[in-house]
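Everything on this sheet refers to the single structure shown next.
Start at 1 with the first residue, then count along the sequence. Whatever order the structure lists them in is the order used to number ligands and atoms, beginning at 1.
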Amino acid sequence: MKVGVLALQGDVPEHLRALAQAVPGSSPIAVRRPDDLAAADALFLPGGESTTIARLLQEARLWEPLGARLRDGFPVLATCAGFILLATALSPGASGIDPPTFGALDVTVRRNDYGAQRESFEGPVRIEGLAGPAYPGVFIRAPRILAVGPRATSFAWVGHEVVGVRRGAIWGLTFHPELSGDLRLHRMFLAAASRGASARAATTRARPPG
Ligand code: GLN
């Protein structure tokens, strides 16, 4: 399975490094152009600045093809700014201009909503299906999930607050697994994505010709 990291802006090297550690011997692709995206079987959307990433996606002519793949249920793990871009709705925050979004995850999100004093913090995240101790969540100018709609499933929490949702193979997190040094989430996502890829391949093989 070829795994890509959207490499237009943000913490791209950290994701590439975490992926190389999570799957030794793998060579993740830095996705900068439509043909890179076409070659990827799964994609990481990094944190950074969502307005900038949205603008660069449009300039690189990646917005339309990424939207099409998201509608097809392409496996994507989106973190922080990347997650903001997948929301169905943004609730205007103090920061002014919000980016356009793909609407792939049924959530309402407000950017930079943890306030100046707590712009960055660490918190123990409880993740459904993840064995072992709480996951160390690194939150940096994180968005807050204000509402989860019926087409998204919550799967990560700090206390009672939802910090991760998914819809099929599309996962969104308000924190940064690539910065925690804990590779369990990367591995969990990749295992789910590759099970999905094998299931799709089996369905294609089983389909009668013509
Ligand atoms: N505050 C950023 C935004 O709104 C996200 C921060 C991050 O990705 N660490 O785009």
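Shown in contact with I84 at under 4.0 Å from a heavy atom are these atoms of ligand 1, numbered in order with element: 3 (C), 4 (O), 10 (O). Per-residue contacts place S50 under 4.0 angstrom from the following atoms of ligand 1 (heavy atoms of the residue considered): 3 (C), 4 (O), 10 (O). The contact set between ligand 1 and G47, taken as ligand atoms under 4.0 Å from a residue heavy atom, comprises 8 (O).
The residues D98 and R111 are annotated as salt-bridged, a charged nitrogen and a carboxylate oxygen being separated by less than 4.0 angstrom. No salt bridge links R69 with E64; every basic N to acidic carboxylate O contact stays at or beyond 4.0 Å.
Between the side chains of R141 and S120, no donor-acceptor pair is found at a separation under 3.5 Å.
Neither the backbone nor the side chain of T51 has any atom closer than 4.0 Å to an atom of ligand 1 (non-hydrogen atoms only). Using a 4.0 Å cut-off between heavy atoms, R111 contacts ligand 1 through its side chain alone, with no backbone atom that close.
Side-chain contact between I140 and V138: present, with at least one pair of heavy atoms (C-beta onward) separated by less than 4.5 Å. Between P150 and D106 there is a side-chain heavy-atom pair separated by less than 4.5 Å.
In terms of polar-atom proximity, I140 is counted as a contact of ligand 1, with an N or O under 3.5 Å from an N or O of the ligand. The shortest N or O to N or O distance between T79 and ligand 1 is not below 3.5 Å.
Judged by distance alone, with hydrogens and angles left aside, the side-chain atoms of R144 form a donor-acceptor pair with the main-chain N or O of D113 at under 3.5 Å.
The closest protein non-hydrogen atom to atom 1 (N) of ligand 1 is N112 OD1, 2.5 Å. Of the protein's heavy atoms, G48 O, 3.3 Å lies nearest to atom 5 (C) of ligand 1. The protein non-hydrogen atom at the shortest distance from atom 7 (C) of ligand 1 is C80 SG, 2.9 Å.
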Derivation and outcome, ring pair (Phe, Tyr, Trp, His ring centres under 6.0 Å), residues W171 and F83: CA-CA 8 Å; W171 298 18; F83 170 58; over 10 Å; no
